[in-house]
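Everything below concerns the one structure shown next.
Chain identifiers are assigned alphabetically (A, B, ...) following the order of the sequence lines, protein sequences preceding nucleic acid strands; residue numbering begins at 1 within each chain.
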Amino acid sequence: MLDARFIRGNIDILKAMLEKRGYGFDLSEFLSLEAQRLALLKESEELRNKRNIVSEQIGKLKNQKTTTEAEMGAVGSEYVFGIDIQKQKSEMRRVSDRIKEIDEILRGIDEKTGLFLLNIPNIPHESVPAGKDEAGNVEIRKWGATKEFDFPPLNHWDLAAMLDIIDFDRASKIAGARFSLMKGMGAKLERALMNFMLDLNTSKGYKEILPPLLVNRESMTGTGQLPKFEMELFKTADPEFYLIPTAEVPVTNIHRDEILNESDLPIYYTAYTPCFRREAGSYGKDTRGLIRQHQFNKVEIVKFVKPEDSYSELEKLTNDAEDILQRLGLPYRVIALCTGDLGFSAAKTYDIEVWLPGQQKYREISSCSNFEDFQARRANIRFKREGKKGTEFVHTLNGSALAIGRTVVAILENLQQKDGSVVIPEALREYMGVEVIR
RNA sequence: GGAGAGGUGGCCGAGCAGGUCGAAGGCGGCGGUUUGCUAAACCGUUGUAGGGGCCAAAACCCCUACCCAGGGUUCGAAUCCCUGCCUCUCCGCCA
């Protein structure tokens, strides 16, 4: 969410930014609503002031009334010190009615402007490359050599079938399309990766979190999934909860509506969670295999930092995610998303794409973003600087480190051997207990 | 699922026969006195947001709102009434 005052004062900048993102917005309606709101707010406040003064007066007089009445010999009279209380009361009744009227109108306006604000995407950072769609993304760096096989490398789903470690058919019997059933060494590989990633992340100072997987509407609004992306979420009926599409949601919301101390920052969290996504609108995309599932495992890292640190923290966060791939020996590249491909809440995003020999393609395995104060403003996460008055919004960041299902895919496809067996990366062997899956 | 208790400032905790309560007191924080240093003691200070005084900031001042949320009663509500949410205790059930 952007600041209403910022919008009022920076129409042209905002318009240009939104166009770069491919969003067209009619800001004039918003501006006229804002003007109305301010005028009504002022009227309402003035009326309240008046009412407060008169009410206080009446209160004071009432307190003195007992003695006064006796003195004046006018018991029962509403006149005290020459003030006609009845008349004041009826006037204040009208004032109160008018205040209620105004407040009702204000509520309507707030609802509209609020919705408007919640639907405006974040402004891209100046370092984000301009571009219309993913074709405009820019490769930042590459790591690891893509391996040449002396045999045609298989898809992970063929490998998995041969090794009997993933059962897609039975998963669809049990649940439906886009679900998977991990078996034996497949299940163990997921668990090993989960532990390996959490151990590595916590060794770097990220505190481990195991959050709720179902969250309320406020949390989803705080991180930006709602109100715009309801279609992409699973939801329970009664009582109403949303299934998290990423640990980003519950973990970022840990500090919703809080005022942190400057000395608390930066805060680093890491969390393993399953993630649930509708994948509405992706019909026909990645229908086979583990790439695009309704439910998948992911280890996420989340940071709360001071505004001046957020871009250096983004680099560090991305490096931490890359470190996992390096330790697993999986080749990857880092790309900077362009303005047109940037997610709704992000100011800047690096995607890490891992090489998949089965597809002869780089595929996203991590997405690392700086949201600046966009989420903090929505979720009302602030901090107080040492010795300074007032509060500021923190900057939030997060990134996958890493998507576990896709890491399984990458390991299977990159480390497959001619006989269909798969070599376990060195770093994972203590977790797996074996060197090869065969 | 049944029965009950409760949600007050960064925290704890009064107020709740409606009026001067943004709210006693304590803790914590900040500033000062004392001290070789630390601690203790003492004095002072200490919420957030919106609007305005100054459409250049900061300081300062004024107004408004906020005692879980939303309605209602009233000239006036932290205090009374209704609804919702949340927390806790006991019983039942359950991994």
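- Comparing the P positions of B:rC66 and B:rA77 gives a spacing of 9 Å, expressed to the nearest Å.
- Note: A:F116 and A:F30 have parallel aromatic rings, judged against thresholds of 30 and 60 degrees for the angle between ring planes.
- When distances run from any side-chain atom of A:R48 to the nucleotides B:rU64, B:rC75, B:rU73, the shortest one goes to B:rU64.
- Regarding contacts with the backbone of B:rC75, every side-chain N or O of A:R94 stays at 4.0 angstrom or more from both OP1 and OP2.
- Crowding of A:K204 atom NZ: a count of heavy atoms from other residues, nucleotides or ligands under 6.0 Å exceeding 12.
- Residue A:K384 places no side-chain N or O under 4.0 Å from the OP1 or OP2 atom of B:rG29.
- Among the candidates A:L317, A:V394, A:V305, the single residue satisfying the side-chain contact (heavy atoms from CB on, under 4.5 Å) test with A:S310 is A:V305.
- B:rC27 and B:rC43 have their P atoms separated by 11 Å, given to the nearest Å.
- Base pairing of B:rC54: no nucleotide in any strand meets the Watson-Crick or G-U wobble criterion (both distances under 3.5 Å).
- Base pairing annotation: B:rC90 forms a Watson-Crick or G-U wobble pair with B:rG2, both donor-acceptor distances under 3.5 Å.
- Heavy atoms only, all atoms of each residue included: A:Y431 and A:A192 are closest at CB-CB, 3.6 Å.
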Exercise. Could you go step by step and tell me if A:E45 and A:K50 meet the salt bridge (Lys or Arg N to Asp or Glu O under 4.0 Å) rule?
Worked result: CA-CA 9 Å; A:E45 285 193 354; A:K50 192 169 167 187; over 6 Å; no
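- Comparing B:rG31 with B:rC68, their P atoms sit 33 Å apart, to the nearest whole Å.
- Contacts between residues 209-225 of chain A and RNA chain B, defined by a heavy-atom separation below 4.0 Å, involve no residue at all.
- The gap from the C1' atom of B:rC21 to that of B:rA14 amounts to 12 Å, rounded to the nearest Å.
- Under the Watson-Crick and G-U wobble criteria, each requiring two contacts below 3.5 Å, nucleotide B:rG25 is paired to B:rC12.
- Comparing B:rA49, B:rG51, B:rG19 by their nearest atom to the side chain of A:T391 picks out B:rA49.
- Separating the CG atom of A:D103 from the P atom of B:rC66 is a distance of 10 Å, rounded to the nearest angstrom.
- Counting non-hydrogen atoms under 4.0 angstrom, A:N52 reaches the backbone sugars and phosphates but no base.
- Here A:S96 lies in heavy-atom contact (under 4.0 Å) with sugar-phosphate atoms only.
- Residues A:E392 and A:E56 both approach RNA chain B. Their nearest nucleotides, taken by heavy-atom distance, put A:E56 toward the 5′ side.
- Nearest to the side chain of A:N49, among B:rU64, B:rG47, B:rG19, sits B:rU64.
- Remark: B:rA78 base-pairs with no nucleotide; criterion is Watson-Crick or G-U wobble with both hydrogen-bond distances under 3.5 Å.
- In the set B:rU73, B:rC75, B:rU48, the nucleotide with an atom closest to the side chain of A:I259 is B:rU48.
- With ring centers used as reference points, A:F344 lies under 6.0 Å from A:F229.
- Among the protein residues, A:R107 comes within range of the sugar-phosphate backbone only, with heavy atoms under 4.0 Å from sugar or phosphate atoms but none that close to a base.
- Nearest nucleotide to the A:R382 side chain, out of B:rG50, B:rG19, B:rA49: B:rA49.
- For A:E45, taking side-chain heavy atoms from C-beta onward, the closest of the listed nucleotides B:rU64, B:rG76, B:rU73 is B:rU64.
- What you find for A:N297 and A:E190 is that their closest heavy atoms are ND2-OE1, 2.8 Å.
- Across all strands shown, B:rC30 is found opposite B:rG44 as a Watson-Crick or G-U wobble partner, with both distances under 3.5 Å.
- Taking the six-membered ring for Trp and thresholds of 30 and 60 degrees, A:H255 and A:Y269 have nearly parallel ring planes, at less than 30 degrees apart.
- At least one side-chain nitrogen or oxygen of A:K100 sits closer than 4.0 Å to the OP1 or OP2 atom of B:rU73.
- One distance of note links CD of A:E372 with OH of A:Y311; it measures 3.5 Å at 0.5 Å rounding.
- For A:M92, taking side-chain heavy atoms from C-beta onward, the closest of the listed nucleotides B:rU48, B:rU74, B:rC75 is B:rC75.
- Across the strands present, B:rU64 finds its partner in B:rA49; the criterion is a Watson-Crick or G-U wobble pair with both atom distances under 3.5 angstrom.
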